[in-house]
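Indexing begins at 1, ligand by ligand and atom by atom, following the structure's order. The model shown is predicted, which means the values in this text are computed figures rather than measured ones.
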Amino acid sequence: MDGLNNNYRRVSRITIVNKSIILSDKDKQELAKYAESEKPYESCAILVGNETDENWTVKELVLTENTAKSEVTFTISPDKEFEVDQKAKKSNMEIVCIFHSHPESEAYPSETDKKFMRVNPFPWIIYSGKTKEMNCFILEDENVKQISII
Ligand SMILES: [Zn+2]
């Protein structure tokens with residue numbers, strides 16, 4: 001199972017981006033709780049807010065269904081993503097982040113994640129059900145870079 005192995009192969013060489021993502025403790029807790037409740041599957045969410053030159057601010061969480069119902073990957077339906085994007089724009093907001101969890105592995109993007117980060121050029125927050133850590137990343141010029149969550 002190549003797909004499975006790929007998913008657990010961590011990408012190397014991660015540098016930090018000079019821009020942070022602002023996520024409240026309440027939202028962090030809600031995402032962690034959702035991730036734990038969706039086990040053994042990966043969970044996912046779309047985070048809506050605003051982007052400035054200095055940071056991304058998360059204002060709303062949209063908990064979404066992992067339509068792949070998988071322990072090692074996740075899928076958000078394109079219709080759902082479109083709907084969230086349209087609704088956000090009406091409130092002068094935008095999609096600022098994609099969240100998903102790794103139930104049994106660490107909070108770092110897999111090669112599969114990296115592939116999807118290419119087509120979803122937002123910051124990505126990953127929660128580990130194993131270490132309970134939450135990290136944020138973005139793909140820039142084919143390199144995965146880390147974003148501080150503040
Ligand atoms: Zn992942």
Side-chain angles (χ1 to χ4, degrees), residues 1-49 51 55-85 88 93-150:
M1 290 281 286
D2 276 358
L4 195 81
N5 289 338
N6 273 343
N7 208 55
Y8 281 111
R9 200 177 300 143
R10 271 173 57 169
V11 293
S12 52
R13 289 194 311 129
I14 293 174
T15 55
I16 295 182
V17 176
N18 194 18
K19 190 168 169 177
S20 310
I21 186 155
I22 302 170
L23 182 69
S24 71
D25 285 341
K26 185 178 156 281
D27 285 351
K28 275 180 209 163
Q29 283 162 16
E30 190 174 340
L31 289 169
K33 198 174 140 199
Y34 182 56
E36 295 295 336
S37 73
E38 290 295 291
K39 275 183 172 180
Y41 301 130
E42 288 198 1
S43 62
C44 46
I46 302 173
L47 281 46
V48 169
E51 182 184 2
N55 51 50
W56 292 269
T57 306
V58 176
K59 293 183 175 159
E60 235 178 85
L61 309 178
V62 183
L63 304 179
T64 51
E65 189 194 351
N66 175 4
T67 57
K69 290 255 172 278
S70 163
E71 297 168 24
V72 291
T73 189
F74 76 99
T75 307
I76 295 173
S77 97
D79 286 352
K80 183 70 187 176
E81 192 172 337
F82 180 77
E83 179 197 313
V84 172
D85 183 57
M93 294 194 288
E94 59 194 308
I95 294 175
V96 288
C97 181
I98 300 289
F99 167 88
H100 79 287
S101 63
H102 289 170
E104 298 297 339
S105 62
E106 292 182 1
Y108 291 91
S110 63
E111 288 298 333
T112 309
D113 290 333
K114 198 178 155 186
K115 196 171 84 190
F116 289 107
M117 285 168 93
R118 220 169 274 148
V119 283
N120 288 284
F122 308 108
W124 279 44
I125 290 179
I126 303 175
Y127 169 81
S128 166
K130 189 179 155 194
T131 65
K132 316 298 175 195
E133 242 189 318
M134 205 177 268
N135 293 323
C136 188
F137 304 92
I138 196 162
L139 190 68
E140 276 186 1
D141 309 320
E142 285 303 296
N143 296 310
V144 173
K145 297 183 180 172
Q146 191 157 1
I147 295 169
S148 310
I149 304 176
I150 58 173

**OP:** Kindly state each residue pair satisfying salt bridge (charged side-chain N to carboxylate O under 4.0 Å, His left out) with at least one member in residues 121-138, sequence neighbours excluded.
**Re:** Glu36-Lys132
**OP:** Decide yes or no on side-chain contact (heavy atoms from CB on, under 4.5 Å) for Ile126 and Asn135, but give the supporting numbers first.
**Re:** CA-CA 5 Å; Ile126 303 175; Asn135 293 323; 5.6 Å; no
Original post:
Do any N/O/S atoms of Glu42 come under 2.8 Å of the Zn ion (ligand 1)?
Top reply: no
Original post:
For Thr64, does its backbone N or O pair with a side-chain atom of Lys80 as donor and acceptor, under 3.5 Å?
Top reply: no
**OP:** Can you tell me, to 10 degrees, how wide the angle at the Zn ion (ligand 1) is between NE2 on His100 and OD1 on Asp113?
**Re:** 90°
Original post:
Among the N, O or S atoms that His102 has, which is closest to the Zn ion (ligand 1)?
Top reply: NE2
Original post:
Residues two or more places apart in sequence or in another chain: which of them pass salt bridge (charged side-chain N to carboxylate O under 4.0 Å, His left out) with Lys115?
Top reply: none
